[in-house]
Amino acid sequence: MTQSTNSPALQRVLTGITTTGTLHLGNYVGAVRPAIAASQEAGVESFFFMADYHALIKCDDPERINRSRLEIAAVWLAAGLDTSRVTFYRQSDIPEIPELTWLLTCVTSKGQMNRAHAYKGAVDANVAAGEDPDAGITMGLYSYPILMAADILMFNAHRVPVGRDQVQHIEMARDVAQRFNHLFGQGKEFFVLPEANVEEDVALLPGLDGRKMSKSYDNSIPLFEGGAKGLKDAIAHIVTDSKLPGEAKDPEGQTLVTIYDAFATPAQREQFRVELRAGLAWGEAKQQLFELIDAEIAPLRSRYEALMAQPELIEATLQEGAAKARAIAAPLLAELRQAVGLRNFSAPAVVAAPVKSLKVALPVFKQFRESDGQFYFKLNAADGSPLLQSAGFAGGRDAGQWVARLKREGAAALTGAPVHLAAGVAHQQVAEALKALQAAEAE
Ligand code: TRP
């Protein structure tokens with residue numbers, strides 16, 4: 001687990017659950033159960049929410065979206081989430097989140113979003129399939145990390161428990177928080193820089209065939225679906241070796257044993273291994289596994305069924321959670337609106353703070369293609385007047401490489417560069433313009 005560098009008395013822990021499907025036993029063991037346990041620790045203030053805006057990115061079936069958020073809320077409540085301690089809400093009930101998303105979008109560099117794994121993965125898949133790189137990619141997918149940053153920064157979470165695949169998103173949230181603090185904070189830190197908590201020791205429950213349990217592998221064990229019978233039937237399908245009853249079995253590396261371990265006490269684990277080595281039949285072992293899991297799950301299942309029969313109770317609980325969350329989100333957002341300049345005109349005259357100029361006007365390189373089919377670039381001064389122009393290049397890349405080199409090396413790269421100065425422009429002027437660009441780049 002990552003150590004937090006800032007350790008105030010109360011650590012805020014926040015995590016979101018994307019609501020696109022039903023939870024299986026692996027989600028319970030890997031996410032729900034440990035999160036609820038962690039929320040009971042002293043000194044921890046937990047925020048759990050249903051990331052239903054994120055769900056819209058992946059799913060355009062309204063029935064499924066709605067059903068999934070209801071079921072997932074019911075699972076968390078049935079599993080013992082204490083909503084008097086934990087702030088539990090739907091992302092879409094907090095209008096401050098999309099509003100903050102926009103403020104953050106305006107200070108997020110596009111280049112960084114180009115590097116987000118989810119987007120890059122989709123592009124790579126398109127390219128591999130010979131499609132347009134952006135085929136089927138929505139702006140939702142592209143901006144996914146910014147919405148996620150808003151989820152986290154809105155509540156100034158210190159720690160974000162996530163899977164390994166989400167770590168990059170937390171790093172992006174830190175970056176954008178830092179940029180926003182720097183641009184608008186005037187010395188004040190609006191946002192805490194969050195840290196990812198990747199739980200190394202949380203059991204990753206294997207699926208029926210031993211691979212990671214996942215809907216897409218069709219190897220999952222349902223959590224509540226199908227009741228006790230559904231659980232039993234799934235367990236019957238766990239793949240084992242073909243050792244006969246009475247034959248000694250090696251428990252290590254057996255999917256069945258790994259799943260058993262996730263629900264057993266150390267003494268039970270030991271006993272199960274002893275029996276398997278002594279020749280316990282796989283059928284018997286499956287029966288024991290079923291009984292062990294069902295002992296933990298059955299009370300949750302009946303609470304779940306009761307909750308699903310009263311969606312209005314879940315609604316009321318989530319509305320309360322939203323009110324608690326908004327009591328934190330709204331004042332912070334009001335402050336942020338002030339900071340960026342979205343202010344009420346009739347409010348008492350704001351003392352004209354010395355406005356830190358965010359962007360000094362800089363010279364600009366422009367690249368273009370002429371009717372001769374060749375690629376060119378030019379450098380204009382901040383006021384738009386031309387400073388230099390390049391010779392023609394066969395490829396846009398070559399032009400781009402010269403631009404990059406001039407930006408990086410400044411006037412030193414001018415000697416030998418295939419460029420000529422604009423009429424009436426002195427070498428010194430160009431050198432100074434390049435120096436200004438270098439300085440801005442280094443900032
Ligand atoms: N992207 C996360 C996932 O797919 C879900 C999520 C959305 C989230 N917003 C979040 C997780 C904020 C942690 C914090 O698992």
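Start at 1 and go down the list; that is how both ligands and their atoms are numbered.
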Using a strict cut-off of 4.0 Å, indicate which atoms of ligand 1 neighbour a heavy atom of Thr18. 3 (C), 4 (O), 5 (C)

For the NE2 atom of His169 and the CG atom of Leu147, what is their distance to the nearest 0.5 Å? 10.5 Å

Think Arg211 forms a cation-pi with Tyr217, using NZ or CZ under 6.0 Å from the six-ring centre and within 45 degrees of its axis? yes

List every atom of ligand 1 that sits less than 4.0 Å from any heavy atom of Ala51, numbering the atoms from 1 in the order shown and giving each element. 7 (C)

Looking at Phe393, does the NZ or CZ of Arg369 lie under 6.0 angstrom from its six-membered ring centre and within 45 degrees of the ring axis? no

Side chain or backbone of Gln91 under 4.0 Å from ligand 1, or both, or neither, by non-hydrogen atoms? neither

Mark up the atoms of ligand 1 that fall under 4.0 Å of a heavy atom belonging to His54, in ascending order. 7 (C), 9 (N)

Contact region, Leu147 to ligand 1, non-hydrogen atoms below 4.0 Å, reads neither

Say whether Gln338 and Asn344, considering side chains only, have a donor N or O and an acceptor N or O under 3.5 Å apart. no

Testing Asn114, Asp124, Asp134 for side-chain hydrogen bond (donor to acceptor under 3.5 Å, both in side chains) with Tyr119, which one passes? Asp134

Tell me every residue that passes side-chain contact (heavy atoms from CB on, under 4.5 Å) with Asn126, counting only those two or more places apart in sequence or in another chain. Glu131, Ala135, Ile137

Name the closest protein heavy atom to atom 1 (N) of ligand 1, giving the residue it belongs to and the distance to 0.1 Å. Tyr144 OH, 2.6 Å

Counting heavy atoms only, which of Phe155, Tyr53, Phe49 comes nearest to atom 12 (C) of ligand 1? Phe49

With a cut-off of 4.0 Å, which atoms of ligand 1 are near a heavy atom of Gln166? 1 (N), 2 (C), 3 (C), 4 (O), 15 (O)

